[in-house]
Amino acid sequence: MRTSRFFIATLKEVPAEAEIASHRLMLRAGLIRRLSAGIYTWLPLGVRVLHKVEAVVRQEMNRAGAIELSMPVVQPGELWQESGRWQAYGPELQRFKDRHERDFVLQPTSEEAVTDLARSELKSYRTLPQHFYQIQTKFRDERRPRFGILRGREFVMKDGYSFHADLADLEREYRNMYDTYTRIFTRLGLKFRAVAADPGAIGGTGSHEFHVLAESGEDAIAWCPQSNYAANVELAEAVSTDSRKAPTVNLKKVPTPGKTKCEEVAALLKIPLEKTVKAVAVMHDGEFYLLLLRGDHDLNELKTQKLIGAFRFATDGEIETALKCKAGYIGPVGAKNVKVIADRAVAAMGDFVCGANEEGFHLTGVNFGRDLPEPSQVADLRNVVAGDPSPDGKGRLEIVRGIEVGHIFQLRTKYSSAMKAGFLDAAGTHKPFEMGCYGIGVTRVVAAAIEQNNDARGIVFPAPIAPFAACLVPIGYQKSAAVREAADRLHDALEQAGIDVLMDDRDERPGVLFADMDLIGIPHRVVLSERGLAAGNAEYKGRREDKPREMPLDSIGSFLKERLHA
RNA sequence: CGGGGUGUAGCGCAGCCUGGUAGCGCGCUUGCUUUGGGAGCAAGAUGUCGCGUGUUCAAAUCACGCCACCCCGACCA
């Protein structure tokens with residue numbers, strides 16, 4: 001391919017809308033353009049990258065025994081009412097009516113459509129197992145689309161759905177997909193990690209997320225280098241190995257005017273933050289709860305919800321009614337008629353500091369049993385932090401950030417039951433399908449890969465997803481017949497050898513050509529110049545390398561081939 | 001959805017406070033020069049100043065309303 005016949009749309013200046021590296025670079029390199037909030041056009045260069053990712057995904061899915069199909073983006077609302085997701089989904093689900101006033105949705109995933117297909121086509125255990133997948137456009141009306149392609153409203157996803165006669169077979173396919181995903185992300189050249197996850201709104205039991213590791217990731221992952229345990233922070237169990245020590249000091253009320261945060265109180269009293277306890281006030285079912293956490297710990301809302309059910313934070317008014325004290329100075333001591341749940345770490349504390357339930361005062365030297373009753377309940381309420389013991393007991397946790405690019409679930413019979421989708425088993429009894437579902441954010445993979453692979457000059461594409469494998473930069477193509485002839489010949493030879501090469505034959509100064517090819521992130525670069533050609537040489541440089549190296553022109557082809565297959 | 005911010009040429013921005021001729025850099029077009037890391041000179045083209053209403057002799061500029069977009073939070077997979 002020649003740039004003169006392609007479409008290069010690089011930008012020298014950075015569009016103001018882009019905050020993170022991948023978004024900035026995708027705009028600047030001319031991979032995408034924004035059409036509306038969270039909705040992007042994929043330019044020719046971007047489409048090539050997208051197709052490369054799709055090709056790897058397709059190959060590995062096929063190899064794993066899944067079969068590709070394609071389901072409609074527009075789906076009847078009826079099906080969604082049947083599964084219950086019409087009600088369960090919030091405004092994220094894009095609904096609309098057709099001219100006959102019938103309800104439709106834009107698919108955010110396709111459980112309903114595929115389950116509908118299965119119930120009419122898969123009627124016997126003999127037709128099982130079956131795994132259908134598609135690579136399709138999805139739409140979710142995100143409350144806040146951001147980070148360009150990373151959290152857009154329209155995106156491309158590989159979504160696969162498997163149907164099984166029993167749980168054992170579902171679990172077999174689940175492991176198969178775990179391995180397949182591991183192969184896919186490895187082949188894509190990404191640094192990633194599979195982590196235990198919360199099944200969330202899709203429902204079901206077992207679930208793993210695949211995260212590309214990147215500073216800008218929206219998710220926090222707890223992992224243990226010693227054991228390779230990994231879980232989303234939402235889910236990772238916080239274990240406390242401390243045990244409570246006997247009280248050594250007396251209870252004392254100290255003035256802390258204006259100090260409402262644990263950090264401020266700790267600073268004022270010159271004590272470590274770990275000696276303070278914060279009380280988080282929440283409401284559930286009209287009942288007032290005080291959740292006790294160590295000052296340096298954060299509430300895990302997911303764990304809390306699992307423990308007490310759907311809850312919300314109490315308003316200042318509710319706090320004053322329940323405790324007769326302004327928010328900021330509340331605590332468990334003397335709290336009447338409220339449920340107190342202590343985090344495990346708090347339950348192990350002695351001589352701690354907490355709010356006195358009196359404006360402007362805190363208590364020091366607080367001890368359970370002596371100064372207040374033991375908490376009515378002790379539970380895991382907090383997010384794990386770096387240094388916590390790993391829940392498997394084999395080391396200490398680190399916290400890394402990741403971008404979720406894949407998620408596998410065991411749905412079990414959530415959809416098949418709701419939609420009466422089942423089969424006859426060998427004994428002739430009707431059973432609902434055991435279902436699995438497996439997603440990969442294809443467009444998100446592109447952004448995540450760039451997030452993980454870039455430098456000051458631009459994108460550094462992993463070879464498997466680079467829009468072109470190599471670029472050819474002839475210096476003075478439009479001026480020098482010698483350069484032109486040599487470049488044309490090399491370009492054609494490389495293409496014939498099956499190498500995806502982009503020759504930059506634009507009439508631009510060398511600096512422009514170099515800068516663009518670097519920005520676009522093509523992994524291998526060959527430069528031809530009059531000077532080099534006179535000595536029979538070409539010049540090679542890898543995108544990650546600093547210095548180019550000279551080599552004989554006629555060895556470039558075989559050299560590149562070797563590099564590409566390395 | 002709550003809070004904050006921004007809408008002026010394809011992109012990045014100034015002008016607005018203090019109302020009166022629409023500006024700069026990049027990009028684009030043409031010509032000449034230049035040609036190994038985003039060239040130089042010269043000449044040009046490009047604007048419903050987000051939309052609407054109002055105030056005024058006069059609105060990019062002031063007021064009100066709306067819309068779009070961005071950021072933080074909440075929410076969500």
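Every chain is numbered from 1 and lettered A, B, ... according to where its sequence line falls, protein lines coming before strand lines.
In this structure B/A68 sits in a base pair with B/U6, meeting the Watson-Crick or G-U test at under 3.5 Å. Under the Watson-Crick or G-U wobble criterion, with both distances below 3.5 Å, B/C62 is paired with B/G54. As the counterpart of B/G73, B/C1 is assigned, both hydrogen-bonding distances of the Watson-Crick or G-U wobble pattern falling under 3.5 Å. Shown here, B/A39 forms a base pair with B/U33; the pair counts as Watson-Crick or G-U wobble because both key distances fall under 3.5 Å. Under the Watson-Crick or G-U wobble criterion, with both distances below 3.5 Å, B/A22 has no partner in any strand shown. Base pairing of B/C16: no nucleotide in any strand meets the Watson-Crick or G-U wobble criterion (both distances under 3.5 Å). Under the Watson-Crick or G-U wobble criterion, with both distances below 3.5 Å, B/C28 is paired with B/G44.
A salt bridge is absent between A/E142 and A/R146; no separation between the charged side-chain nitrogens and carboxylate oxygens falls under 4.0 Å. One finds no salt bridge joining A/E530 and A/K479 here, because no Lys/Arg side-chain nitrogen approaches an Asp/Glu carboxylate oxygen to under 4.0 Å. Using a cut-off of 4.0 Å between Lys/Arg side-chain N and Asp/Glu carboxylate O, A/R382 and A/D296 are scored as not salt-bridged. Taking 4.0 Å as the cut-off between side-chain N and carboxylate O, A/D455 and A/R544 do not count as a salt-bridged pair.
Nearest-nucleotide positions on RNA chain B place A/R144 closer to the 5' end than the other of A/R144 and A/E218. Nearest-nucleotide positions on RNA chain B place A/G38 closer to the 5' end than the other of A/G38 and A/R143.
Comparing B/A45 with B/C28, their C1' atoms are spaced 8 Å from each other, to the whole Å. Rounded to the nearest Å, the gap between the P atom of B/U61 and that of B/C17 is 9 Å. Straight-line distance between the P atoms of B/C49 and B/U56: roughly 22 Å, to the nearest whole Å. B/G47 sits 15 Å from B/G15 when the C1' atoms are compared, rounded to a whole Å. Taking atom C1' on both nucleotides, B/A60 is separated from B/U6 by 15 Å, rounded to a whole Å. Only the P atoms considered, B/C16 is 24 Å distant from B/G52, to the nearest whole Å. B/A14 and B/A9 have their C1' atoms separated by 14 Å, given to the nearest Å. Across B/C64 and B/U48, the matching P atoms stand 26 Å from one another, rounded to whole Å.
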Every protein N/O lying under 3.5 Å from an N/O of nucleotides 28-37 of chain B:
from: B/U34; atom 1: O2; to: A/R509; atom 2: NH1; distance (Å): 2.7
from: B/U35; atom 1: O4; to: A/K479; atom 2: NZ; distance (Å): 2.9
from: B/G36; atom 1: O6; to: A/S529; atom 2: OG; distance (Å): 2.1
from: B/G36; atom 1: N1; to: A/E539; atom 2: OE1; distance (Å): 2.8
from: B/G36; atom 1: N2; to: A/E539; atom 2: OE1; distance (Å): 2.7
from: B/G36; atom 1: N2; to: A/E539; atom 2: OE2; distance (Å): 2.6
from: B/G37; atom 1: O6; to: A/R525; atom 2: NH1; distance (Å): 2.7
from: B/G37; atom 1: O6; to: A/R525; atom 2: NH2; distance (Å): 3.0
from: B/G37; atom 1: N1; to: A/D518; atom 2: OD2; distance (Å): 2.9
from: B/G37; atom 1: N2; to: A/D518; atom 2: OD2; distance (Å): 2.5

Return the polar atom pairs (N/O with N/O) between nucleotides 42-44 of chain B and the protein under 3.5 Å, or none.
none

Using the 3.5 Å cut-off, write out each protein N or O paired with an N or O of nucleotides 11-15 of chain B and the distance between them.
from: B/G12; atom 1: OP1; to: A/A16; atom 2: N; distance (Å): 2.9

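Straight-line distance from the CG atom of A/D219 to the C1' atom of B/C75: 14 Å, rounded to whole Å. As rounded to whole Å, 18 Å separates atom P of B/C69 from atom CZ of A/R33. In this entry the distance linking CZ of A/F7 with C1' of B/G10 reads 11 Å, nearest Å. Between the CD1 atom of A/I20 and the C1' atom of B/C70 there is a distance of 14 Å, rounded to whole Å. Distance A/R24 CZ to B/C71 P: 12 Å, rounded to the nearest Å. Per the geometry, CZ belonging to A/R146 stands 10 Å off C1' belonging to B/C71, to the nearest Å. The CZ atom of A/R34 sits 12 Å away from the P atom of B/A68 (whole-angstrom rounding). Rounded to a whole Å, the CZ atom of A/R506 is 11 Å from the C1' atom of B/G38.
Side-chain atoms of A/E60 and A/T180 form no donor-acceptor pair, as typed in the model, at a separation below 3.5 Å.
Among the heavy atoms of the strands lying under 4.0 Å from A/R151 is at least one base atom, whether or not backbone atoms are also near. When heavy atoms are screened at a 4.0 angstrom cut-off, A/L519 is found touching base atoms of the nucleic acid. No contact: A/D159 has no heavy atom under 4.0 Å from any strand.
In summary, the aromatic rings of A/Y161 and A/Y133 are positioned with their centroids too far apart to meet the 6.0 Å limit.
Residue A/E301 has its side chain nearest to B/C75 when only B/C75, B/G27, B/C69 are considered.
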Would you mind writing out the side-chain donor-acceptor pairs for residues 7-18 of chain A within the sub-3.5 Å range, not counting sequence neighbours?
from: A/T10; atom 1: OG1; to: A/D516; atom 2: OD1; distance (Å): 2.9
from: A/T10; atom 1: OG1; to: A/D516; atom 2: OD2; distance (Å): 3.2

Could you walk me through whether A/M551 and A/I556 pass the side chain to side chain contact (heavy atoms under 4.5 Å, CB included) check? CA-CA 7 Å; A/M551 59 183 69; A/I556 281 285; 3.7 Å; yes

Stepwise, does the ring pair (Phe, Tyr, Trp, His ring centres under 6.0 Å) test hold for A/Y181 with A/F210? CA-CA 8 Å; A/Y181 276 33; A/F210 288 77; 5.3 Å; yes

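Across A/Y178, A/F409, A/Y438, a single residue satisfies ring-ring contact (aromatic ring centres under 6.0 Å, His included) together with A/H208, and that is A/Y178.
Here the straight-line distance linking atom CG of A/L170 with atom CG of A/N176 works out to 11.5 Å at 0.5 Å rounding.
A/F6 meets the ring-ring contact (aromatic ring centres under 6.0 Å, His included) test with A/F468; sequence neighbours excluded. Residues satisfying the ring-ring contact (aromatic ring centres under 6.0 Å, His included) criterion with A/F514, sequence neighbours excluded, are absent altogether.
Both tests do not hold together for A/R33 against A/W42: distance to the six-membered ring centre under 6.0 Å, angle to the ring axis within 45°.
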